[in-house]
Amino acid sequence: MLILNRKTGESVTIGDEIQVTVLSVDSGRVRLAIDAPRSVSIVRSELIAAAETNQDAAQEAAEPAALLQMLGGVLDPNKKQGG
């Protein structure tokens with residue numbers, strides 16, 4: 001891992017085709033501009049983590065009866081509503 005210090009307006013070039021420029025730094029938040037070819041996928045790490053968590057949850061096996069029990073009878077047509 002390479003760690004660099006950059007000021008607003010400064011940039012870093014990765015390879016021959018990717019340039020990352022610091023647009024601003026305000027209250028601990030950094031705004032970056034990334035110039036890269038369309039063939040390069042750019043995704044925020046928290047979105048990748050959320051997708052992995054969602055995929056893991058979707059792969060967990062659960063019996064339909066257990067799912068209905070977790071819902072607390074919400075889908076039970078014989079249960080009186082609002083009562």
Side-chain angles (χ1 to χ4, degrees):
M1 177 183 293
L2 174 65
I3 300 172
L4 300 171
N5 291 314
R6 299 280 79 198
K7 295 178 183 176
T8 300
E10 294 181 335
S11 62
V12 174
T13 301
I14 303 170
D16 293 331
E17 299 181 314
I18 301 170
Q19 185 170 6
V20 181
T21 303
V22 178
L23 295 181
S24 66
V25 180
D26 296 311
S27 302
R29 295 187 67 128
V30 178
R31 290 186 65 210
L32 301 173
I34 303 170
D35 185 16
R38 288 193 177 271
S39 61
V40 175
S41 176
I42 301 171
V43 181
R44 296 186 335 238
S45 60
E46 64 271 18
L47 295 180
I48 293 171
E52 289 171 355
T53 299
N54 192 22
Q55 186 175 20
D56 290 344
Q59 291 176 356
E60 290 181 9
E63 295 295 323
L67 292 174
L68 287 173
Q69 186 177 4
M70 286 191 311
L71 289 172
V74 171
L75 299 178
D76 186 352
N78 298 321
K79 186 175 179 180
K80 290 185 177 180
Q81 298 294 321

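When reading the values below, keep in mind they use all heavy atoms of this one structure, side chains included, and skip hydrogens, waters and symmetry mates. Fair warning: this is a prediction, and the values are worked out from it, not measured in the lab.
Linking ILVMFWY side-chain heavy atoms closer than 4.5 Å, directly or via other members, places L32 and I42 in a single hydrophobic cluster. Linking Ile, Leu, Val, Met, Phe, Trp and Tyr whenever their side-chain heavy atoms come within less than 4.5 Å leaves L23 and I18 in two separate clusters.
T13 meets the side-chain hydrogen bond (donor to acceptor under 3.5 Å, both in side chains) test with no other residue; sequence neighbours excluded.
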Show me the side-chain donor-acceptor pairs of residues 2-12 shorter than 3.5 Å, one per line, residues at least two apart or across chains.
| from | atom 1 | to | atom 2 | distance (Å) |
| --- | --- | --- | --- | --- |
| R6 | NH1 | S11 | O | 3.4 |
| E10 | OE1 | K7 | N | 2.7 |
| S11 | OG | Q19 | NE2 | 2.9 |

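Among residues at least two apart or in separate chains, salt bridge (Lys or Arg N to Asp or Glu O under 4.0 Å) pairs with a member in residues 16-44 are R44-E46.
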